[in-house]
Amino acid sequence: MHPEYGPASIAVKSGPIVQGIPNFEVMDERYSYLRTSPCIRVRAHHNYEGQEHPVLWSLERPSAGGRTGRTFYDALGHDAASYESPEHRELLLRAIDWLTAV
């Protein structure tokens with residue numbers, strides 16, 4: 001379920017991937033009411049019907065061989081308009097760096 005396509009205010013939370021990136025606006029659909037694991041770290045959310053709904057999150061977990069497995073999820077980007085946001089593009093670049101740093 002999601003609100004209609006249109007302008008979306010994205011609130012950035014905290015953490016190494018998002019540090020220094022301000023809240024931003026995108027033209028997009030925003031998934032809402034997703035079931036997520038309590039282990040994720042929400043990096044950004046949108047508000048809908050009085051609730052915060054995560055749109056960007058990360059997860060670190062032990063992996064085989066004592067390494068750390070990393071996942072980053074981006075619920076934005078339903079069409080090219082979402083990538084017109086410099087903040088959204090910067091978040092994706094940082095996520096790639098974070099994912100490949102292990």
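Keep in mind the model is a prediction, meaning the values are calculated, not measured.
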Q: Taking all atoms of both residues into account, what is the closest heavy-atom pair of P16 and R94, and its distance?
A: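 Closest heavy-atom pair between P16 and R94: O-NH1, 4.5 Å.
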Q: Strictly distance-based, threshold 3.5 Å: is any side-chain N or O of D28 a donor or acceptor partner for the main-chain N or O of R30?
A: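 Not at all, since once roles are kept as given, no pair shorter than 3.5 Å links the two residues.
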Q: Please determine whether the number of non-hydrogen atoms from other residues, nucleotides or ligands lying under 6.0 Å from atom CD of Q19 exceeds 12.
A: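 No, not enclosed.
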Q: Measuring from L76:CG to L92:CG, what's the distance to the nearest 0.5 Å?
A: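 One gets 8.5 Å once the value is rounded to the nearest 0.5 Å.
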Q: Once you round to the nearest 0.5 Å, how far does CZ of F24 lie from CZ of R89?
A: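 Atom-to-atom, F24:CZ and R89:CZ are 11.0 Å apart.
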Q: Looking at every non-hydrogen atom in both residues, tell me the closest pair between H53 and Y31 and how far apart they are.
A: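 Where H53 meets Y31 most closely, the heavy atoms are CB-O, 4.1 Å.
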Q: What are the two closest heavy atoms between V26 and S85, and how far apart are they?
A: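 Here V26 and S85 meet closest at CG1-CB, 3.6 Å.
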Q: Please answer whether the main-chain N or O of G69 pairs with a side-chain N or O of R61 as donor and acceptor at a distance below 3.5 Å.
A: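 Such a contact is found between R61 side chain and G69 backbone.
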Q: Which heavy atom of V42 sits nearest a heavy atom of W57, and at what distance?
A: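 Shortest heavy-atom separation between V42 and W57 comes out as CA-CB, 3.9 Å.
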Q: Do R41 side-chain atoms and S58 backbone N/O form a donor-acceptor pair below 3.5 Å?
A: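 Side chain of R41 to backbone of S58, a donor-acceptor pair under 3.5 Å: no, none is there.
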Q: Measuring from I17:CD1 to I96:CD1, what's the distance to the nearest 0.5 Å?
A: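 Here the rounded value is 11.5 Å.
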Q: What are the two closest heavy atoms between S82 and G77, and how far apart are they?
A: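 Distance-wise, the nearest heavy atoms are OG-N, 3.4 Å.
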Q: Could you grab the distance from atom CD1 of I10 to atom CG of L56, nearest 0.5 Å is fine?
A: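 Taking CD1 in I10 and CG in L56, the distance rounds to 7.0 Å.
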Q: Check whether L34 and L59 end up in the same hydrophobic cluster, where Ile, Leu, Val, Met, Phe, Trp and Tyr are linked by side-chain heavy atoms less than 4.5 Å apart.
A: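 No.
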Q: Please check: side-chain N/O of R43 versus main-chain N/O of K13, any donor-acceptor pairing under 3.5 Å?
A: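 Checking the backbone N and O of K13 against the side chain of R43, no donor-acceptor pair under 3.5 Å is found.
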Q: Go through the steps for Y73 and I40 under the test side chain to side chain contact (heavy atoms under 4.5 Å, CB included), then give the verdict.
A: CA-CA 10 Å; Y73 180 80; I40 67 167; over 6 Å; no
Q: Which heavy atom in A11 sits nearest to a heavy atom in N23, and how many Å separate them?
A: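 Closest heavy-atom pair between A11 and N23: CA-OD1, 3.3 Å.
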Q: Using 30° and 60° as the class boundaries, would you call the ring planes of H88 and Y83 parallel, tilted or perpendicular?
A: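 H88 and Y83: parallel rings.
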Q: Ignoring hydrogens and geometry, is there a side-chain-to-backbone donor-acceptor pair from H46 to A8 under 3.5 Å?
A: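 Answer holds: no.
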